[in-house]
Amino acid sequence: MIFLRLFYEFFKTGLFAIGGGLATFPFLSEMAVRTGWFTQSQLMDMIAVSESTPGPLGVNAATYVGFVTAGIPGAVTATVGLITPSVIIILVIAGFLKAFRDNVYVDSAFRLLRPTSTGLIAASGLSVAASAFFDTASSEAPGISISTLKPEAVILAAVLIVFTRLIPKTKKLHPIVWIGFSAAVGVIFNFGNVPM
Amino acid sequence: MFKILSELFFTFAKVGVMTFGGGYAMLPILQREVVDNKHWATDEELTDYFAIGQCTPGVIAVNTATFIGQKNQGIIGGIVATLGVVFPSVVIISILAGFIASFSHLPLVINAFAGIRVCVCVLIFNAVLKLWKSAVKGRLALIIFLVVSVGSLLFDISPILFVVIAALIGVGLVQFGYIEKEEKK
């Protein structure tokens, strides 16, 4: 029964892939070899598409593999399989947290977890910056250097900072406005260096 | 009950559809929708959920949705919020699945996403500044922030390691008497 197997395979992936997103890919790669449901090159396409569609990477991948294997019911089954273990685990942890929130040990641990998780978020922003502000795939000199810096990206970032931090009226606008604005600017000024 | 559940579902569906680039790119959207608009959680709680999400299985976006839903409406709330956050992905990917291989090579898509990446950087920068006040208090917290951000950027160290060590230091501070055991917030 294909649906049970899909559920089971993605349940396992959801249970063992710790750290989100890309952590699911080694499991998917192994699943491709073992089940023959999809190919390695389909998996590669999936990574590219996940970077260009909204939503979490792991969920997108599960949906895609499920869809390729058994249509829309397959997509739903695989996605539900993937998220079931983490939903159960988080519900249990959330219950514990409620009970131990005032414990002085837990409180002290969280006081240091907050700068940790803020640091991880800052690092993820900086790693996106590498591909946003530099032409890392440049044909002459790939990598991060002054010659690969994209001035148009720096100008866009400066404009966005002024709008989102300095001007009181535009500060209140929803972040999606700026995402849409940046997508349009990227298309008009050819940010990806690909002729339209 | 039904009203608040459908509110949970649609708010998280909105967060799911607006999250480009996965994981942390979701943070600025969550701050706007869940903290500022709905008041379902505080900035402080969001950083807590992200820290826990780093060392539990599953996608961070899903873990955070489960936490906030559970806090609001118990187990059923956790499930509904989670289904909401994955719903847009299921719909979008199912639609795109047919021509998925060519989609990411379209010049329009490549150029638009080169622009979006710049925006995501700025939004994450803003989100970190917003978290800063509640998350990075005192010298030890500042040192931890610097070590973690530089360490995880330059070296291939698992985030789980940082989270576990920070939690252990926190517990150790109480155990070895740097923080009074009786101290209550």
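Every chain is numbered from 1, with letters handed out A, B, ... down the list of sequences.
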Considering only heavy atoms and a distance below 4.5 Å, find which of [options] pairs most often with chain B.
options                               : answer
A:Val194, A:Val187, A:Ile90           : A:Ile90
A:Ile121, A:Val185, A:Val154          : A:Ile121
A:Ile93, A:Val68, A:Asn193            : A:Ile93
A:Pro115, A:Ala109, A:Ala75, A:Gly66  : A:Pro115
A:Leu160, A:Leu120, A:Thr164          : A:Leu120
A:Thr118, A:Ile188, A:Leu82, A:Ile161 : A:Thr118

Do [X] and [Y] sit in the same hydrophobic cluster, where Ile, Leu, Val, Met, Phe, Trp and Tyr count as joined when their side-chain heavy atoms come under 4.5 Å apart?
X        : Y        : answer
B:Val35  : B:Phe12  : yes
A:Val65  : A:Val33  : no
B:Val147 : B:Phe50  : no
B:Ile116 : A:Leu126 : no

> B:Asp43 and B:Ser134: side chain to side chain donor-acceptor pair (under 3.5 Å), yes or no, with the steps?
Replying inline: CA-CA 7 Å; B:Asp43 277 330; B:Ser134 65; 5.6 Å; no
Under 4.5 Å from any heavy atom of chain B, what part of [X] do you find: side chain, backbone, both or neither?
X        : answer
A:Thr116 : both
A:Pro85  : neither
A:Ile88  : neither
A:Ile89  : side chain

Which one of [options] has the most heavy-atom pairs closer than 4.5 Å to chain A?
options                                : value
B:Leu108, B:Val109, B:Ile165, B:Val150 : B:Leu108
B:Met18, B:Arg32, B:Lys71              : B:Arg32
B:Val90, B:Leu131, B:Asn37             : B:Val90
B:Pro28, B:Ala114, B:Cys119            : B:Cys119
B:Leu154, B:Val171, B:Val136           : B:Val171
B:Gly69, B:Ala65, B:Ser94, B:Gly74     : B:Ser94

> When you check the side-chain N and O atoms of A:Ser29 and A:Gln40, is any donor under 3.5 Å from an acceptor?
Replying inline: yes
Between [X] and chain A, with a heavy-atom cut-off of 4.5 Å, which part of the residue counts as in contact: side chain, backbone, both or neither?
X        : value
B:Leu129 : side chain
B:Val62  : side chain
B:Ile92  : side chain
B:Leu123 : side chain
B:Leu140 : side chain

Taking the side chain as everything from C-beta on, heavy atoms only, tell me whether [X] gets closer than 4.5 Å to [Y].
X        : Y        : value
A:Phe110 : A:Leu97  : yes
B:Trp132 : B:Phe145 : yes
B:Thr66  : B:Tyr49  : no

> Does CZ belonging to B:Phe87 count more than 12 external heavy atoms closer than 6.0 Å?
Replying inline: no
> Does the distance from a Lys or Arg side-chain N to an Asp or Glu carboxylate O, for B:Asp36 and B:Lys130, drop under 4.0 Å?
Replying inline: yes
>> Please determine whether a side-chain nitrogen of the Lys or Arg among B:Glu33 and B:Lys38 lies less than 4.0 Å from a carboxylate oxygen of the Asp or Glu.
In response: no
> Hey, what do you get for OG (A:Ser131) to CZ (B:Phe113), rounding to the nearest 0.5 Å?
Replying inline: 12.5 Å
